[in-house]
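Here is the structure we will look at.
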Amino acid sequence: MANVNVSALPPDLLHLIATELSARLDFPTLYNYICASKQIASSGAVNALYRVSHDSPLKAGGSEDLPLAEQDLIKRKWSILWRTIVLSTFGETLYPYAKHLRVLDLRDLGDLLDDDKFRQGPIEKHFFSGTLQQFYLTITPAVKIGTRSRPKLRLDTQNIISAIGDAITRHAPLLDGLTEPKLADNLSTALTTWAPRLTYLRRLDLWDGRALADDCIRNLLHVHCPHLDSLRMYHWSASDADQHLAAFISGMQPHKLVEFENLSHCNIGIETCLALNTHGASLRTLKLALAADGVLALGNLQGCTSLEILSIDSLGPTPDLKAAQNDIYLEIIAWLKMCTQLENMSFANLPSAPDLSIAVLLNEEIKLRSLAIKSSEGFAYLAKDHRIFHDSLANQQTLEALLLSADAEGAGFDDLQALNDTLCSLKGLRTLHLYRISDYYNDTYLNALAVNLLALEELYIGGLSYTDDIWASVAGLKNIRSLTFEGFSAFTEAGLLTYVDSLSATNRGLVLSIDRAETETAIPEEGQDRVRQALAAKIPGSRFQYALARDPNVQDFDSDDSD
């Protein structure tokens, strides 16, 4: 910038550059751009930086894998970012940074205050110095019986967050996102005061939904936050949560809600499902984590047919709807058939997921880009019993990402071949994750996948046995960035080095993981290091991970040897 006459450049151009850097989340360049001149900073660069500050890599730490010295530096920068924002509300900074904030992520602030490196050493002392001394609130832990030492004061995190949040919301008129701290319910009281200030609020992220149980808060949000269209919450344990949540959703302007998500137990049931129908024309993203009663209420979502993203996560034992609740099963299928705009669909721990998916897969109007059938131990569907589901996958040639988790027990050659043939037909796949369903796979199946799915960028696959015979075909995956062999393998150092040598620049950032190497053919440490070094030399930024199926230093014992 030293050779450029900044004053000769039109402000619109400077603003466009700042906007582009913020869109790329290029924080270092954007920061240096601001420091280049006062004119640049005043032409929208400061605005751009703080508009996306909630996505900064400094926030929430994110430095555990770095050397300790770098971790300390990250914590300091993280602390300075928050201190600067708060100081700006008192007019003690060069620019009114808080005025440009779009998202107030109090969850991130809570993570900072709870961070050990923040609390130990000079970072905490500097953060609460000067004007911010008023936010240094502490509590005295209860003294244990028999303890002589004086208990050490600790930060009153919840009240500090509320006080800082109050200061920021007074001076951040453009806020469109608000996130509640973890393991807290600050907003159940704060929103009484803050809601009238949040006239541009669009996204509300609650850790505890209890704030919406308050009639006063619900009314304030309805009146003062007319742009609110995204609601996300972690949990809500109250038995009447379904009733209160439904009251809030149905009290919003009709067809306003665009996104709704809950991540854990919120006691969602029939009332909330019926209320969501009042936003059927606007709702694009619906992610529900449901207990059994909530799953049984899904048939009441008949009006929500504009969905593009649907995720259903069963939080506990749920009956096979097709066998045990057929009427409800048919209602859900009728609803899913009408969701012709669906692009991403995901089910977790739902035994009926494959059968429910068939209705979507065979609908010619629906063009899925992503499908995931996930399951924890004990919830997986039996692959051998769902041939129709596997065959129907071929009808969705638009699929780019596919995750299947199923029990391969009892699957015969015909079952495996039919599944693999279907997978090979999905030429557009970029991501393919096969959990347990590929337990009986071998070189033949994998070679077929590699030859046909040339667009793959991620492959996670189990298997019975893999050898160096797969490397010639896998070398054809020129876009692969993540390759994980969860199944048993007997790869050699020579085979791996041959594969590494075949890689090209399009494989940048490759992570090659071998999770279950056979102990009989294990590659020694020095051989692993040679592969690791060769990979790093060929593809900068790549990683090689190698683990044995069984630790050779742990002795197996027969049952007769145990007492």
Side-chain angles (χ1 to χ4, degrees), residues 209 231-236 259-269 272-273 276 283-301 304 307-325 328-329 331-333 335-336 339 342-361 366 368-383 385-386 389-390 392-393 396 399-409 419 429 431-439 458 460-462 484 486:
L231 179 61
R232 185 173 183 264
M233 63 182 64
Y234 184 77
H235 78 100
W236 193 349
E259 179 180 9
F260 178 80
E261 178 180 6
N262 75 291
L263 287 86
S264 186
H265 286 280
C266 291
N267 291 312
I268 288 175
T272 296
C273 288
L276 287 170
L283 196 62
R284 296 292 184 269
T285 298
L286 181 60
K287 298 182 179 181
L288 300 174
L290 304 171
D293 289 346
V295 172
L296 296 178
L298 289 174
N300 293 283
L301 290 168
C304 299
L307 295 176
E308 297 173 1
I309 299 174
L310 174 64
S311 176
I312 305 295
D313 186 351
S314 175
L315 296 173
T318 303
D320 184 334
L321 299 177
K322 184 177 182 180
Q325 298 282 351
I328 293 175
Y329 168 76
E331 289 177 354
I332 297 174
I333 284 182
W335 162 52
L336 292 175
C339 298
L342 267 180
E343 293 184 358
N344 300 282
M345 187 168 69
S346 173
F347 294 104
N349 298 326
L350 193 64
S352 305
D355 293 315
L356 292 173
S357 300
I358 293 173
V360 173
L361 296 171
I366 298 175
L368 283 183
R369 294 178 58 195
S370 174
L371 174 65
I373 307 292
K374 310 172 188 176
S375 60
S376 304
E377 190 68 29
F379 289 91
Y381 72 89
L382 275 173
D385 294 338
H386 290 85
F389 164 62
H390 295 152
S392 64
L393 289 167
Q396 291 293 325
L399 277 172
E400 296 178 3
L402 178 62
L403 185 156
L404 296 178
S405 177
D407 189 344
E409 186 67 31
L419 171 63
L429 281 181
T431 299
L432 177 61
H433 289 197
L434 302 176
Y435 296 91
R436 294 193 59 199
I437 193 171
S438 59
D439 278 356
E458 290 185 26
Y460 182 104
I461 191 166
T484 302
E486 194 275 335

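Quantities reported herein were computed from a predicted structural model and do not represent experimental measurements.
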So, do Thr285 and Glu261 sit near enough that their side-chain heavy atoms are less than 4.5 Å apart?
-> no
Trp335 versus Cys304: any side-chain heavy-atom pair under 4.5 Å?
-> yes
His235 side chain near Leu263 side chain, heavy-atom distance below 4.5 Å | no
Looking only at non-hydrogen atoms, find the nearest pair between Leu429 and Ala401 and report the distance.
-> CD2-N, 3.9 Å
Is any side-chain heavy atom of Leu336 closer than 4.5 Å to a side-chain heavy atom of Leu310?
-> yes
Here the gap from Ile268 atom CD1 to Leu276 atom CG, rounded to the nearest 0.5 Å, amounts to 7.5 Å
What is the minimum heavy-atom distance between Ala297 and Cys273, and which atoms define it?
-> O-SG, 3.7 Å
Any side-chain heavy-atom pair from Leu290 and Leu296 closer than 4.5 angstrom?
-> no
Looking at side-chain heavy atoms only, is the closest gap between Tyr460 and Thr431 below 4.5 Å?
-> no
List in chain and number order the residues that pass side chain to side chain contact (heavy atoms under 4.5 Å, CB included) with Phe389, two or more places apart in sequence or in another chain; answer none if no residue qualifies.
-> Pro354, Ser357, Ile358, Leu361, Leu371, Ile373, Tyr381, His386, Ser392, Leu393, Leu404
Dump the intermediate steps for side-chain contact (heavy atoms from CB on, under 4.5 Å) on His433 and Glu486, then the final yes or no.
-> CA-CA 10 Å; His433 289 197; Glu486 194 275 335; over 6 Å; no
Can you tell me how far CG of Leu298 sits from CD1 of Ile328, rounded to the nearest 0.5 angstrom?
-> 9.0 Å
What's the spacing between Asp320 CG and Gln325 CD if we round to 0.5 Å?
-> 10.5 Å
The reported gap from CG in Leu301 to CD1 in Ile332 (rounded to nearest 0.5 angstrom) is 8.5 Å
Enclosure of Tyr234 OH (heavy-atom neighbours >12, cutoff 6.0 Å) | no
Start with the C-alpha gap between Thr272 and Leu288, add the side-chain angles, then the distance that decides, and say whether side-chain contact (heavy atoms from CB on, under 4.5 Å) holds.
-> CA-CA 11 Å; Thr272 296; Leu288 300 174; over 6 Å; no
What are the two closest heavy atoms between Ala408 and Ile437, and how far apart are they?
-> CB-O, 3.8 Å
Residue list, side chain to side chain contact (heavy atoms under 4.5 Å, CB included) with Ser346, at least two apart or on another chain | Ser311, Ala372, Lys374
Donor-acceptor contact present, side-chain Asn262 to main-chain Met233, <3.5 Å | no
At what distance, to the nearest 0.5 angstrom, does CD of Gln396 lie from CG of Leu402?
-> 11.0 Å
Short side-chain to backbone donor-acceptor contact, Thr318 and Ala292, under 3.5 Å = no
Give the C-alpha distance, both sets of side-chain angles, the deciding distance and a yes or no for side-chain contact (heavy atoms from CB on, under 4.5 Å) between Leu356 and Ile333.
-> CA-CA 6 Å; Leu356 292 173; Ile333 284 182; 3.9 Å; yes
One should read off an interatomic distance between Ser405 OG and Arg436 CZ, to the nearest 0.5 angstrom, of 7.0 Å
Flag side-chain contact, heavy atom, 4.5 Å: Leu403 against Tyr435 | yes
Which of Arg284, Lys287, Arg369 passes salt bridge (Lys or Arg N to Asp or Glu O under 4.0 Å) with Glu308? It is Arg284
Glu458 side chain to Thr484 backbone, donor-acceptor under 3.5 Å | no
Taking all atoms of both residues into account, what is the closest heavy-atom pair of Leu315 and Ala291, and its distance?
-> CD1-N, 4.3 Å
Note, Arg232 side chain near Glu259 side chain (heavy atom, < 4.5 Å) | no
On a heavy-atom basis, the closest approach of Pro319 and Ser352 is O-OG, 4.1 Å
Is the side chain of Asn349 donor-acceptor paired with the backbone N or O of Ser376 at a distance under 3.5 Å, no angle test?
-> yes
Note: Gly316 and Phe379 closest approach over all heavy atoms is O-CE2, 3.8 Å
